[in-house]
Amino acid sequence: MSETQSVRYEVVDKIGVITIDNPPVNALGPGVREGIIEALERGNGDAGVEAFVLIGSGRNFIAGADVRQFGKTRPVGTRVSAAAIDDSAKPVVAAIHGYALGGGLEHALACHYRIATPGARLGLPEVTLGIIPGGGGTQRLTRLVGPRVALDLIASGRQMSADEARRLGIVDEIVPDGDLRGAAVRYAKGVAARRPLPRVRDRTDHVLEARGDADLAEALAASLGAKARKLQAPRAALEAVRAAVSSDFDEGVQIEQQLFEKLENADEAKALRYAFFAEREAGKIPGAPESFKPPPVKSAAVIGAGTMGGGIAICFADVGIPVKVLDATAEGLERGMQRIRETYAVRVKRKSLTQAQMDERLALIHPVDSYDAIGDCDAVIEAVFERIDLKKDVFNRLEAVMKPGALLLTNSSAIDINVMAGETSRPQDVAGAHFFAPANVMKLCEIVRGDQSSIETIVRAVKMGRDLGKISVVAGTCDGFAANRSRAPLVTEAMLMLEEGALPEQIDKVMVDFGYPMGPFAVSDLSGLDVSYDTRKRRAAADPNFRKLHVPDRMVELGRKGQKTRAGWYRYEEGDRTPHPDEAVKRIIAEVARELGTPQRSFTDEEILKRLLFASVNEACKILEDGKAYRGSDIDVMWLHGFGFPRHRGGLMFWADGVGAREVHRQVAEWHERYGRRWTPSRLLAEIAGRDGQLRDARAQA
Ligand code: 3HC
């Protein structure tokens with residue numbers, strides 16, 4: 001392939017049409033920028049060409065720089081090809097459909113006119129990759145829409161619709177779907193003779209106005225949320241936008257470039273790039289036949305109208321898929337429907353949804369009162385109480401009514417998928433679809449393979465999750481599956497450190513400083529301390545070696561169940577969710593420690609962090625050893641989307657690689673000596689440590 005095969009150039013009715021053809025998303029990969037520059041040179045030197053159209057072939061305009069090229073030497077920067085567009089003596093019209101993101105939007109901003117189809121999505125998502133736009137985007141956008149709007153878009157990385165872009169003046173005209181190229185050529189002909197060219201870089205109205213705005217500096221700084229302020233890229237975005245206001249265009253571009261280069265190879269950007277690709281890798285199912293194209297789920301049913309069931313139903317309705325909801329009792333069904341209505345009403349109140357959208361979505365959720373009513377659905381998700389007898393009963397009934405080939409899914413969070421599959425004559429169609437609470441908010445959908453689930457079932461379930469806007473990650477069936485099983489040791493260690501002298505607020509602070517939105521104790525208060533109490537009691541009864549967690553047990557026995565009782569690891573004021581450290585908790589912990597005779601000591605922040613996370617890294621390796629996850633990076637995706645692990649740290653395994661597998665193993669082995677069985681080092685961890693390998697690259701062993 002020649003360097004410029006990814007860019008086509010042809011002259012249509014005196015308009016030079018430059019088409020980016022670099023599947024799958026027209027990223028600005030090798031050859032694309034050069035191709036654009038060459039085409040502009042040809043057309044500018046051709047007296048038969050009056051203007052240009054820049055357009056993407058396939059699904060979209062341009063999805064941005066090629067993220068795989070970051071950290072490598074780039075022969076021609078986005079800056080240079082965008083500047084070539086800007087410098088063109090003949091007008092260039094960007095014709096946008098699908099995505100115009102990052103460097104893609106920067107190229108469009110360098111064009112002299114922009115038209116878009118109604119479904120186009122535009123944005124500068126660079127901060128989500130730990131960088132800022134590096135092709136003049138911070139400077140041009142600020143000139144085009146003013147610093148406040150520009151910073152909002154750049155620092156959030158959010159996408160906007162064509163309609164919003166039109167309102168902001170980023171897009172000049174919206175043209176109907178169908179023949180974008182034809183419309184763009186016509187548009188180009190209409191503006192071909194107009195001079196001077198409306199170059200965004202020459203716009204001064206917004207920056208001059210901003211220079212006279214005494215409140216601007218403070219307002220811009222304040223507009224970065226607390227979370228964004230902790231990260232380098234949004235802070236750099238602020239600096240770049242400020243530079244756009246205070247400097248001339250060329251100086252501003254230089255400042256942007258310097259900021260970009262500083263960020264590109266920083267740890268934050270490396271972690272965020274890794275997370276981007278890990279998420280995409282998680283969707284790939286080893287052994288899936290390439291020829292199998294999973295049919296989409298077009299209709300669904302949810303069994304159980306509790307909090308989870310209702311949340312799952314909302315997920316379907318939110319993406320326009322009709323969903324039937326069935327419950328064991330009419331009252332349960334009505335309560336569930338009421339909760340669904342309330343959830344939507346809150347969204348309307350918060351203005352994230354209009355009343356009309358709420359009505360449309362509610363119209364897709366159909367309460368039904370019999371199994372016969374759901375038989376023709378493409379997929380059914382069982383979300384009844386976590387009791388084996390109930391689940392078995394549901395699958396027995398599903399066996400009787402569901403059409404052949406329907407996906408039979410269970411939202412169980414712990415019960416072996418094989419138990420449910422065993423109730424049907426079609427275990428190949430059964431799998432887990434484990435949503436995380438609240439189901440309509442959390443992005444993780446853990447797809448759980450039973451021993452007999454067919455690969456096609458897994459591929460279909462993964463696609464269903466993705467179609468719901470979730471990140472589907474596959475796990476094998478075992479206690480806790482992969483996500484919760486890998487997190488459980490973190491919680492155990494947090495609880496056991498209390499016996500040794502740590503306090504909930506100290507541990508939570510370490511995790512929040514690390515980047516979690518909440519520490520494990522605040523989370524426990526939110527979900528309720530009693531949730532795991534019964535499970536622990538059952539396990540203790542069944543396994544004489546089970547390490548009892550005396551402190552949380554005592555808390556529950558004293559009625560401290562978390563936010564719902566206004567007392568848990570923290571105390572809460574009436575109607576307020578702010579956690580306040582509580583002397584009573586200190587006393588309970590001290591009392592338990594005295595009874596156990598555990599010597600008291602103090603912990604450094606580093607020890608707390610390592611103790612919690614290494615315990616989980618060790619377990620994650622055991623999960624891979626047992627073949628219950630495909631890849632180390634899949635564990636990371638689960639932690640990012642199921643447990644609020646800070647994205648700028650990549651994920652559990654990526655973070656541990658930063659420490660080094662050898663060091664993790666050494667410490668795990670030492671704690672094994674000190675604390676015994678639960679710290680038994682994973683064989684896989686030892687093996688990876690022995691060859692100084694990467695945990696994130698580990699693969700399922702069994
Ligand atoms: N670079 C390299 N590969 C990319 C890419 C990019 N910018 N965007 C997508 N891809 C790849 C994906 O890795 C995936 O590859 P795979 O099939 O081998 O796994 C393939 O394209 C399809 O991507 P998705 O599965 O994500 O497809 P979707 O249709 O779900 O989403 C998308 C499409 C919204 C464009 C999404 O891929 C996306 O958000 N891409 C990243 C966009 C982005 O961040 N752009 C800014 C880049 S930084 C930049 O431009 C810097 C500049 O300022 C200098």
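For ligands, and for the atoms within them, numbers begin at 1 and follow the listed sequence. All of these numbers come straight from a predicted model, not from anything done at the bench.
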Would [X] count as a polar contact of ligand 1, with the cut-off being nitrogen or oxygen pairs under 3.5 Å?
X: G134; result: yes
X: A65; result: yes
X: E126; result: yes
X: R280; result: yes
X: Q159; result: no
X: G135; result: no

Under 4.0 Å from a heavy atom of [X]: which atoms of ligand 1 are those, numbered in the order shown and with their elements?
X: G102; answer: 46 (C), 50 (O)
X: F70; answer: 48 (S), 51 (C)
X: F277; answer: 13 (O)
X: K284; answer: 16 (P), 18 (O), 19 (O)
X: P24; answer: 20 (C), 21 (O)
X: G64; answer: 50 (O)
X: P125; answer: 43 (C), 44 (O), 45 (N), 46 (C)
X: R68; answer: 13 (O), 15 (O), 18 (O)

Legend entry - Derivation and outcome, salt bridge (charged side-chain N to carboxylate O under 4.0 Å, His left out), residues E264 and K270: CA-CA 8 Å; E264 183 181 352; K270 285 185 189 157; over 6 Å; no
Legend entry - Side-chain donor-acceptor contact under 3.5 Å, D21 with S57: yes
Inset, instruction - Using distance alone, with no hydrogens and no angle criterion, decide if Q257 and E261 have a side-chain donor and acceptor under 3.5 Å apart. - result: yes
Legend entry - Of the listed options G103, P133, G136, G123, closest to atom 50 (O) of ligand 1 (non-hydrogen atoms): G103
Side chain or backbone of [X] under 4.0 Å from ligand 1, or both, or neither, by non-hydrogen atoms?
X: L129; result: side chain
X: V67; result: both
X: E106; result: side chain
X: E281; result: neither

Legend entry - Pairing residues for D163 by the side chain to side chain donor-acceptor pair (under 3.5 Å) criterion, not counting sequence neighbours: none
Using a 3.5 Å distance criterion without hydrogens, assess whether the side chain of [X] forms a donor-acceptor pair with backbone atoms of [Y].
X: R699; Y: R631; result: no
X: R229; Y: L224; result: yes
X: Q139; Y: A240; result: yes
X: K90; Y: G43; result: yes

Inset, instruction - Working to the nearest 0.5 Å, report the span between CE of M653 and CG of L624. - result: 5.5 Å
Legend entry - Aromatic centroids of F514 and F645 separated by under 6.0 Å: yes
Inset, instruction - Tell me whether the centres of the aromatic rings in Y99 and F61 are closer together than 6.0 Å. - result: no
Legend entry - Lys NZ or Arg CZ of R696 over Y274 ring: under 6.0 Å, within 45°: yes
Legend entry - Ring-face cation of R280 near F276 (centre distance under 6.0 Å, axis angle within 45°): yes
Legend entry - Contact with ligand 1 for R466, non-hydrogen, under 4.0 angstrom: no
Inset, instruction - Take every heavy atom of R59, measure it against each atom of ligand 1, and state whether any distance is under 4.0 Å. - result: yes
